[in-house]
Amino acid sequence: MSKGYDVIIIGGGVIGCSVAHSLSERGHSVAVFEKGTISGEASKAAAGLLGVQAEWNEYDPLFELARKSRALFPKLAARLREKTGIDIAYEEKGIYRIAENEEEAKRLEHIMKWQLQTGEETHLLSGEQLREQEPELALHIISALYCPKDGHVIAPELTRALAHSAALSGTAIYEGTEVIEILQEQDRVTGVVTTEGTFSCSKVIVASGAWSTKLLQNFHSTWGTYPIMGEMVSVKSYKPLLKAPIFQDGFYVVPKRGGQYLIGATVKQHTYNKTVCAKSIAYLMERAFRLVPALQQAEWDTAWAGLRPQSNHGMPYMGEHPKVAGLYACAGHYRNGILLSPITGEYMADLIEGKHVQSLLETLLSKEEFV
Ligand code: FAD
């Protein structure tokens, strides 16, 4: 075997890099193996929304985790900027959930009641009140739920900063290196076989996004992830069009620094094909024009697609194998991996260190799931 590390992480997306950042800041010897480039897949494609209140309409165990994760961003952004010089453009100006008709407005009222019960701050705005804040929004929008604690970051910058931070704390980053096999002896992880040779370690974390199935099947035959492709459009405007993101049932327009507006995203199940369809661009643009008419005068920038990693169980896998010591899963964060990345890093680092981790995730990773 060649070099050895305490922990080997398979996958250099936001999840793998966040875990590497947390572990290396605590002094562990870590390596990240990435078959392509750091932040080359879903983590590069994301809009970077930190949309706890935008995304959750009712309670599930991930909601609590998401709230905790969102709360970590101000400190994380400052730490990454100080350590790496990379600005992840963290903004906490809230997100507006838009209603175009009475049915949607009623639904938003219902969601607001639930969110207030959970202690989240939300404000129901009339169309007029909304347009006082965001004058470019269309006149037919009848109301909005303003979620002031939600925000956004530049997703690829977050992953890049986490990787640099990890490297500055001693993590070895291997790009262009695919992990082919996880090695074990007597129910203990001993290393990995990669396209660049074999490396030893006592712990392996599978953080391979939508490509995790083959590796996750080491845990349980039914474990796996699959891709849910999403296409996104970017346009530019010198004229300010929005101060904060608008969100409507998975559709959003997100104002980024420098006059960039991200418009997304489509949802296409079970495909690894990242070709952007003309029809999808038309759909996204028409919907954006309806909500923000002045976007029609914006300058075309670019479009792309990425593969959200969904788990077979609908919840991320985060935990250790009960029978194979040192084998950990951390994949399947679907459409909220950017939001969930800081808490995931800290949670996995606690787990690796054998610290008590809050019981919250025991529901996500019940022991009965294993064979
Ligand atoms: P990835 O970023 O896909 O990283 C996995 C990495 O593992 C890849 O780089 C891959 O090359 C590597 N890999 C796989 N197999 C191997 C192997 N055998 N050996 C070595 N390397 C391997 N989330 C939010 O929170 N907010 C958003 O606004 C948001 N918007 C999104 C918009 C779009 C269009 C898309 C597609 C996603 C969006 N997401 C958003 C979701 C978010 O991008 C994902 O949840 C997150 O990036 C998943 O991170 P990951 O590290 O698990 O996966």
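Both ligands and their constituent atoms are indexed starting at 1 by order of listing.
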Only one of E121, E120, H110, Q53 passes side chain to side chain donor-acceptor pair (under 3.5 Å) with Q115; say which it is.
Q53

Output yes when the distance from some N or O of ligand 1 to some N or O of G230 is under 3.5 Å, and no in every other case.
no

Once you restrict to heavy atoms under 4.0 Å, what part of I10 touches ligand 1? Side chain, backbone, both or neither.
side chain

Are side-chain N/O atoms of K83 and S169 paired as donor and acceptor at under 3.5 Å?
yes

Of all the non-hydrogen atoms in the protein, which one sits nearest to atom 20 (C) of ligand 1, and at what distance?
K35 N, 3.2 Å

Around atom 23 (N) of ligand 1, find the nearest protein heavy atom and jot down its residue, atom name and distance.
R335 O, 3.0 Å

How far is atom 50 (P) of ligand 1 from its nearest protein heavy atom, and which residue and atom name does that atom have?
I15 CG1, 3.8 Å

Among G176, P309, A210, S341, the residue with a heavy atom nearest to atom 48 (C) of ligand 1 is P309

Using distance alone, decide if ligand 1 has a nitrogen or oxygen within less than 3.5 Å of any nitrogen or oxygen in A45.
no

Number the atoms of ligand 1 from 1 as they appear, then name those within less than 4.0 Å of a heavy atom of E178, with their elements.
17 (C), 18 (N), 19 (N), 20 (C)

Quick note on ligand 1: atoms under 4.0 Å from a heavy atom of T177 include exactly 20 (C)

Would you say that K256 contacts S234 through its side chain, given a criterion of any heavy-atom pair below 4.5 Å between the two side chains?
no

Short side-chain to backbone donor-acceptor contact, E231 and C277, under 3.5 Å
yes

Among protein heavy atoms, which lies nearest atom 30 (N) of ligand 1, and at what distance?
A47 N, 3.2 Å

Heavy-atom check, side chain of F33 versus side chain of T195, under 4.5 Å
no

Note the single closest protein heavy atom to atom 35 (C) of ligand 1, along with its residue, its atom name and the distance in Å.
R308 CG, 3.7 Å

Out of T266, T37, I38, L339, indicate the one that has the non-hydrogen atom closest to atom 25 (O) of ligand 1.
L339

Can you find a heavy atom in the side chain of K35 that is under 4.5 Å from one in the side chain of W211?
yes

Any non-hydrogen side-chain atom of H28 less than 4.5 Å from a side-chain atom of K203?
no

Grouping I, L, V, M, F, W and Y whenever their side-chain heavy atoms are under 4.5 Å apart, do L291 and Y146 come out in a common cluster?
yes

Top protein contact for atom 9 (O) of ligand 1, by heavy-atom distance:
E34 OE1, 2.7 Å

Check the side chains of K44 and T37 for a donor-acceptor pair under 3.5 angstrom, ignoring hydrogens and angles.
no

The closest protein heavy-atom partner of atom 7 (O) of ligand 1 is G11 CA, 3.3 Å

Counting heavy atoms only, which of S43, S69, G337, A46 is nearest atom 49 (O) of ligand 1?
S43

For ligand 1, which atoms have a heavy atom of N336 less than 4.0 angstrom away?
23 (N), 24 (C), 25 (O)

Is there a side-chain contact between S39 and R160 in this structure, where contact means two heavy atoms from C-beta onward sitting under 4.5 Å apart?
no

Within 4.0 Å of some non-hydrogen atom of G306, the atoms of ligand 1 are 36 (C)

Quick check: are there more than 12 heavy atoms from other residues, nucleotides or ligands sitting under 6.0 Å from NZ of K149?
no

Atom 28 (O) of ligand 1 [closest protein heavy-atom partner, distance rounded to 0.1 Å]:
L49 N, 2.8 Å

Hey, which atoms in ligand 1 end up nearer than 4.0 Å to a heavy atom of E41?
3 (O), 8 (C), 9 (O), 11 (O)

Is the number of heavy atoms from other residues, nucleotides or ligands within 6.0 Å of CZ (R188) greater than 12?
no

Residue H333 vicinity, atoms of ligand 1 by number, heavy atom under 4.0 Å:
45 (O)

Distance-only side-chain donor-acceptor flag, E346 / S22, under 3.5 Å
yes

Out of W211, Y334, F33, Y252, whose heavy atom sits nearest atom 41 (C) of ligand 1?
Y334

For G40 and ligand 1, does the shortest N/O to N/O distance drop below 3.5 Å?
no

Does any N or O of ligand 1 fall below 3.5 Å from an N or O anywhere on A265, backbone included?
no

G48 heavy atoms within 4.0 Å reach ligand 1 at atoms 27 (C), 28 (O)

Just by distance, no angles: are the side chains of N273 and T275 close enough, under 3.5 Å, to form a donor-acceptor pair?
yes

